[in-house]
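Here the structure is laid out as structure tokens; the discussion comes afterwards.
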2 protein chains.
Amino acid sequence: MGRSTRGGLRGVRMVGAAMSKFGKMDRSMREEAAQTGLAALHRSGLDPAVVEEILVANAFGLVDHQGHLGPLIATSLGLEGAATATVESACASGGVALQLAYTSVASGHTDATLVVGVEKVSQVDSKTATTYFTYGSDVPFEAGCGATFPALYATLATAYLHKYGATEEQLAHVAVKNHKNALANPNAHLHKAISVEQVLKSPYVAWPLKFYDCCPFSDGAAAVLLVSEALAKAWGVGGVEVLGSGRGGSAAQLSTRASLVEIPGTRQAAAQAFSQAGLRPKDVDFAEVHDCFTIAEVLAIEDLGLVKKGKGAEAAVDGLTSLSGDLPVNPSGGLKAKGHPVGATGVGQAVEVFEQLDGRAGARQVKGAEVGLSHNIGATGGSCAVHVFRRV
Amino acid sequence: MGRSTRGGLRGVRMVGAAMSKFGKMDRSMREEAAQTGLAALHRSGLDPAVVEEILVANAFGLVDHQGHLGPLIATSLGLEGAATATVESACASGGVALQLAYTSVASGHTDATLVVGVEKVSQVDSKTATTYFTYGSDVPFEAGCGATFPALYATLATAYLHKYGATEEQLAHVAVKNHKNALANPNAHLHKAISVEQVLKSPYVAWPLKFYDCCPFSDGAAAVLLVSEALAKAWGVGGVEVLGSGRGGSAAQLSTRASLVEIPGTRQAAAQAFSQAGLRPKDVDFAEVHDCFTIAEVLAIEDLGLVKKGKGAEAAVDGLTSLSGDLPVNPSGGLKAKGHPVGATGVGQAVEVFEQLDGRAGARQVKGAEVGLSHNIGATGGSCAVHVFRRV
């Protein structure tokens, strides 16, 4: 297994993972984040004192009138000496924080870094929440012109349907699949089976995207503990290997991109992660991808190289990406149904990979899963993180 | 030069640096950050295309209704493929981003990472700005009880004056020194010589801290380019070696700390940075330290090991820390007079170190400077970053 890196990176393992129930959070961000971080530490079986760094993924903390979350969470965990930072990269905050944490551990800067993603938006009404979400766009040129995220993704969907002759019905299958998967996930925000007909009859938000093509606003927290392979072995714990950790970027504004049917940042982050892992897309057994809208899942699996360009919309229809298919996508329910608490989303994807590769995903277990992938993008792909994991 | 690291870290150099004039920013954050990033790239002499990652240090972007600054700045620089993230750690955002960037380059994850710190608060009135700043404290237990930052630092100052018999007049000397240094810094926010008498006669903000003990609210941007030693050599550029890069933490609330006359996070970050650099405090020729209030500089130089505990308040009086003294502290003018644009502050410290070690600091040049240190803390030290640099 050749690794393509330029430094002397060490092996990194994810040895603990936990998430809150996504949906509405009654606790404060600090409390929920600390509780979830503690659960991840407990799950690892390691002494919490091994943690040297805590990276917090959070996008809208100021909405809750609290910044500098790191020391609050560290102190709540009894780890006040830990170095901390908050990482924001819009909806990719969690995946990007995971990538920075990977580099901390792989480089030897730390032996153990805890990543905690947390978000709470339920204290504001949905119109205000929509406004906060738009701060992830290129505001003067997108939100400021009325282009909220449903509109921006509708632009991508329109281009895709036009270019590949795909249909709204095909997109609907993505939503139906992810809602079905979420029924088996006790921590999912939405537990509601839906039919293709229900999706198609739901009101348009921004043509061709309808209500059921869109993910909900969610609160939630998720945490994973990354440690050096040496530390994991010293403690006699297995966990999951982080084989590849990549990031990429795209032009901020959709209007300046060369193509509206691909996300350059995804392709770049995937190339980096696969190269580092010494694996190819065909080696992936399942993937948690960024499906803030149904079209996003379609673009993601294409740009990740999991299906051919233009074939993504058929994948949910023909069952390829269903839980029992050859390439299950979003077994957790995805952003679409598991929920999308912005800062926690990318970390929550890693939690699902941990559960799956640890064989504890219950009724949504992907059979024989050895290699899992997570994919998290910010806004329309201005930022992106892709991780490839393998069962030890 | 022995380095104490656990991985195979590569040599890292700072090869370009630039800052805006701190004070009031007329441009948008995006424009000022991009302009400053471009100036740092230009200064390096490298092709901007070498940049693989941009870390943005910013604390209050949402105040300006814009998050996800990375892709905006990257796109403005023509580097839309760069991986980006925003790092927030209250007033230590810049130093913490610098540390994460160091790890990216040292580990081989990137060959070149640009760090851009930016902040703009002048669009709101000073009462509102004060409120935003309090979000860096432990809000329910500090700001929520009326303890804004002047009050929190006044608590530290009170404890210090009591324990060591230090005086308000001694603290005033810190302000006088830093205002004097800033006169020679064209980019400083405040260009105003002050006397000890003026400081002592200025109105109390929170006893024993008076108006002139406090730094101003500033807008501003600062940028530095970190590259691998190999890349610097390939391009035939010198720059400044980043010898040590450390971070630390302290309990979030002052009320829970064992001591009010030291900042544990500073001690920890300094120990890490010095150990990695294979240097001792006595090897430092000058330091840029976090002097949001005069007492903060006193605590910083003690906790960094530059002077003995309890001797920090005398240092500005007896001239040790003046520009012509044995250990110049804040030759730039510090936060106190150069200004404190939160996200840009820690990056701006590195810019000053670059100017000094490159011998281009003009009338504020520290003579014979070979080793420089930067020290940046968030809130009352909940987070901290310390860097040690050496002239190539």
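By convention in this document, chain letters (A, B, ...) are assigned in the order of the sequence lines, proteins followed by strands, and residues within each chain are numbered from 1.
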Item to check | Selection from A:Ser383, A:Ala385, A:Pro140 maximising heavy-atom pairs under 4.5 Å formed with chain B | outcome: A:Ser383
Checklist entry - Do A:Phe60 and A:Tyr135 have ring centres separated by under 6.0 Å? => result no
Checklist entry - Out of A:Val56, A:Leu62, A:Val96, which one racks up the most heavy-atom pairs below 4.5 Å with chain B? => result A:Leu62
Next on the checklist: Quick check for you: among B:His65, B:Glu80, B:Arg30, which has the greatest number of heavy-atom pairs under 4.5 Å with chain A?
Outcome noted: B:His65
Item to check | Under 4.5 Å from any heavy atom of chain B - which part of A:Ser89 | outcome: both
Item to check | Interface moiety of B:Gln268 toward chain A, non-hydrogen atoms closer than 4.5 Å | outcome: side chain
Item to check | Heavy-atom contact with chain B under 4.5 Å, split by part of A:Ser76 | outcome: neither
Item to check | Residue pair B:Ala143 / B:Thr134: nearest heavy atoms and the distance that separates them | outcome: CB-CB, 3.4 Å
Next on the checklist: Nearest 0.5 Å, please: how far is CE in A:Met25 from CD in A:Glu32?
Outcome noted: 4.5 Å
Item to check | Region of A:Leu72 that comes under 4.5 Å of a non-hydrogen atom in chain B | outcome: both
Next on the checklist: What part of A:Ser93 gets within 4.5 angstrom of chain B, counting heavy atoms only: side chain, backbone, both, or neither?
Outcome noted: neither
Item to check | Among the listed options B:Gly378, B:Gly70, B:Cys384, the residue most often paired with chain A at heavy-atom distances under 4.5 Å | outcome: B:Gly378
Next on the checklist: For a quick test of reading the model, state the closest non-hydrogen atom pair linking A:Pro71 to A:Thr84 and the distance between them.
Outcome noted: CD-OG1, 3.4 Å
Checklist entry - Is chain B contacted by the side chain of A:Ala74, its backbone, both, or neither, given a heavy-atom distance below 4.5 Å? => result neither
Checklist entry - Which bit of B:Ala85 is near chain A, if near means a heavy-atom gap under 4.5 Å: side chain, backbone, both or neither? => result both
Checklist entry - Using a distance-only test with no angle check, is there a side-chain donor-acceptor pair under 3.5 angstrom linking A:Glu52 and A:His109? => result no
Next on the checklist: Working to the nearest 0.5 angstrom, can you tell me the gap between A:Gln253 CD and A:Leu152 CG?
Outcome noted: 10.0 Å
Next on the checklist: Can you tell whether the side chains of A:Arg10 and A:Asp111 come within less than 4.0 Å, N to carboxylate O?
Outcome noted: yes
Checklist entry - Quick one: what part of A:Ala59 sits under 4.5 Å from any heavy atom of chain B, side chain, backbone, both or neither? => result backbone
Item to check | Nearest-0.5 Å distance, CG of residue B:Leu69 to CG of residue B:Leu55 | outcome: 12.5 Å
Checklist entry - Given the options A:Ala230, A:Pro264, A:Ser228, A:Ser250, which has more heavy-atom pairs under 4.5 Å with chain B than any of the others? => result A:Ser250
Item to check | Engaged part of A:Leu79 at the chain B interface, taking heavy atoms whose separation is under 4.5 Å | outcome: neither
Checklist entry - Run the salt bridge (Lys or Arg N to Asp or Glu O under 4.0 Å) check on B:Arg267 and B:Glu262 step by step: do they pass? => result CA-CA 8 Å; B:Arg267 298 166 76 99; B:Glu262 66 175 45; 3.4 Å; yes
Next on the checklist: Less than 4.5 Å to any heavy atom of chain A: does that hold for the side chain of B:Ile73, its backbone, both, or neither?
Outcome noted: neither
Checklist entry - Atom OG1 in B:Thr113, atom CD in B:Glu53: separation rounded to 0.5 Å? => result 4.0 Å
